[in-house]
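What follows is a single structure, written as structure tokens, with notes after it.
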Amino acid sequence: MTIYNDEQMYPNNPHGHDIVTAHEEPPAPKKDRTHWLYISVIAAVILGIAFGIIWPSAAVQWKPVGDAFIKLIKMIIAPVIFCTIVLGIGSIAKAATVGKVGGLALGYFITMSTFALAIGLVVGNLVHPGDGLKPKPYKPSSGGGAAHGTLDFLMEIIPPSIPVLPTLFVALLVGFAVQSLGKRGTPVLEAVGHIQAVVFKILGYIMWVAPLGAFGAIAAVVGATGWSAVSAMLKLMFAFYLTCALFILIVLGTLLKVVTGLNILKLLKYLAKEYLLIFSTSSSETALPRLMAKMEHAGVGKSVVGITVPTGYSFNLDGTAIYLTMSALFVSEAMHMPMSLPQQIGLLLFMIIASKGAAGVTGAGLATLAAGLQAHKPALLEGMGVIVGIDKFMSEARALTNFTGNALATLLIGKWVGEFDRSKAEAVLDGRDKFDEATLNAH
């Protein structure tokens, strides 16, 4: 048995999804240490809040630490956007050539991602989660103490960021140009894939500094604002979790019922083990093989699963889309630089393109958010320190929503192309046809 080989769709496999055939042994899983990063960031946020409440005057002095981390993120934005857009165009063009399934899947993914981004904007405008925060950018000292001089020196070491919009424009041109070359463009895509691996490795190094950056940013904002800062962060997290839940139950649930006649609650119950796995790792990537196996068991054709699920993991990121627009509005309000309606629409259009690179890599979501803010109002980047602190608290809802959206997309695409057995799906979701864990060996 062979899972659909998307080597033709993804010449560099840019998002790291393993393609396994019957003639290959799957590679031994690498030891994942990102849970230590997750725990460290949570601990840093708690300590930062406590420090800001107990010693506000001292806590404010930690602001440059948070700003230094944001400057590191700014440094890596342009390479991340360039590589992911160039490879993303290649992936889209290749996927579109894989018959009716690929075309339908891409059309659905772009539509739903845009809809999710719009929902994030609507909720952000209704809730106004950033009210009450007053983060201020770090400004180099005009002279004096050795401590300030050393800090200024260290801040100057970090390279300045490259403008995002010109980078995006060049990336689009390069992507389409390489794609038009056909087979002759494959070496270029492979080269960009190798560069992307290096860029993401650097981004991974930067993310290990996130606990220190989160501590400095949270301590400073809580020290300057007090409990209102904690209230604003909780407000954003609650609004985000509620929005994701309603999106799954109402938007996706209605779509599933209308197209297939299935119940969203039964689907959620069927995927319960995968949700526990995702919640414990804060990443939907860990459940990719299980999703493919379970969708096949639920009556969707193997070819549909093989195309839709891997492509969806790169292009169908509903939870990430909601997070990006809500967080952008949160920062703009916190910085007292609200976006006008045309600016919000421009942000929406930018995120539609840039969000395609926000999958599967720790920190890519933050880099994409920073890119959107820099493209519209570079000064907004100074307020991202708070997002760094609470980003990990929102990652579970983001991953669960992304995963659910891809499960539902697979069922819908299967129905639309005539490779969906409804009676089989009903028996599976009702619990009459149990999933055999042994089938995972083939995935």
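Note that this is a predicted model, so its numbers are computed, not measured.
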Counting distance only, does the side-chain N/O of Ser231 pair as donor-acceptor with the main-chain N or O of Trp227 below 3.5 Å?
no
Can you tell me how far the CG atom of Leu106 sits from the CD1 atom of Ile307, to the nearest 0.5 Å?
10.0 Å
For Cys83 against Ile195, the heavy-atom pair lying closest together
SG-CG2, 3.8 Å
dist Ile119:CD1 -> Phe247:CZ (nearest 0.5 Å) comes out at 5.0 Å
Under the criterion side chain to side chain contact (heavy atoms under 4.5 Å, CB included), I'd like the reasoning laid out for Leu412 against Met112: C-alpha separation, chi angles, the key distance, then a yes or no.
CA-CA 12 Å; Leu412 298 183; Met112 286 306 296; over 6 Å; no
Decide side chain to side chain contact (heavy atoms under 4.5 Å, CB included) for Val86 and Phe82; before the verdict, give the C-alpha distance in whole Å, the side-chain angles of both, and the deciding distance to 0.1 Å.
CA-CA 6 Å; Val86 171; Phe82 180 83; 4.0 Å; yes
dist Ile85:CD1 -> Phe169:CZ (nearest 0.5 Å) comes out at 14.0 Å
Just wondering, do Met394 and Leu236 contact through their side chains at under 4.5 Å, heavy atoms?
yes
Side-chain contact test, heavy atoms from C-beta onward, threshold under 4.5 Å: evaluate it for Leu369 versus Tyr323 and give yes or no.
yes
Which heavy atom in Ile206 sits nearest to a heavy atom in Leu72, and how many Å separate them?
CD1-O, 3.6 Å
Quick check: closest heavy atoms across Pro79 and Met75, and the distance to 0.1 Å?
CD-O, 3.8 Å
Quick one: does Lys235's side chain have a donor or acceptor within less than 3.5 Å of a partner on Val127's backbone?
yes
Donor-acceptor check, side chain of Ser113 to backbone of Asp318, threshold 3.5 angstrom: yes or no?
no
Distance, nearest 0.5 Å, that separates CG of Leu189 from CD of Gln196
11.0 Å
Do Leu212 and Trp62 have side-chain heavy atoms sitting under 4.5 Å apart?
yes
Sorted by chain and number, sequence neighbours left out, side-chain hydrogen bond (donor to acceptor under 3.5 Å, both in side chains) with Thr404 holds for Tyr275
Check the orientation of Tyr270 and Phe435. Use parallel for under 30°, tilted for 30 to 60°, and perpendicular for over 60°.
perpendicular
Contact check, side chains of Glu396 and Ile278, non-hydrogen atoms, under 4.5 Å
no
Distance from Thr401 atom OG1 to Ile248 atom CD1, nearest 0.5 Å?
4.0 Å
Which heavy atom of Ala370 sits nearest a heavy atom of Ile77, and at what distance?
CB-CD1, 3.4 Å
Rounded at 0.5 Å granularity, tell me how far CG in Leu276 sits from CG in Leu400.
9.5 Å
Thr325 vs Val123 side-chain heavy atoms within contact, under 4.5 Å
no
Pairwise side-chain contact, Phe115 with Val251, heavy-atom cut-off 4.5 Å (strictly under):
yes
Check the pair Ile264 / Lys257 against side chain to side chain contact (heavy atoms under 4.5 Å, CB included), numbers first and verdict last.
CA-CA 7 Å; Ile264 187 68; Lys257 188 69 176 178; over 6 Å; no
Please step through side chain to side chain contact (heavy atoms under 4.5 Å, CB included) for the pair Thr308 and Phe109, ending with a clear verdict.
CA-CA 10 Å; Thr308 306; Phe109 294 157; 3.8 Å; yes
Give a yes or no on whether the backbone of Leu341 and the side-chain of Gln344 come within a donor-acceptor separation of less than 3.5 Å.
no
Closest non-hydrogen atoms of Ile218 and Gly48, given as atom of the first, atom of the second and distance, are CG2-C, 4.0 Å
Apply side-chain contact (heavy atoms from CB on, under 4.5 Å) to Ala397 and list each qualifying residue two or more places apart in sequence or on a separate chain.
Phe240, Tyr241, Cys244
Min side-chain heavy-atom separation Val65-Phe69 under 4.5 Å
no
Are Thr243 and Met326 packed together at the side-chain level, in the sense that at least one heavy-atom pair is separated by less than 4.5 angstrom?
yes
Smallest separation among heavy atoms of Val300 and Leu411, with atom names
CG2-CD2, 3.6 Å
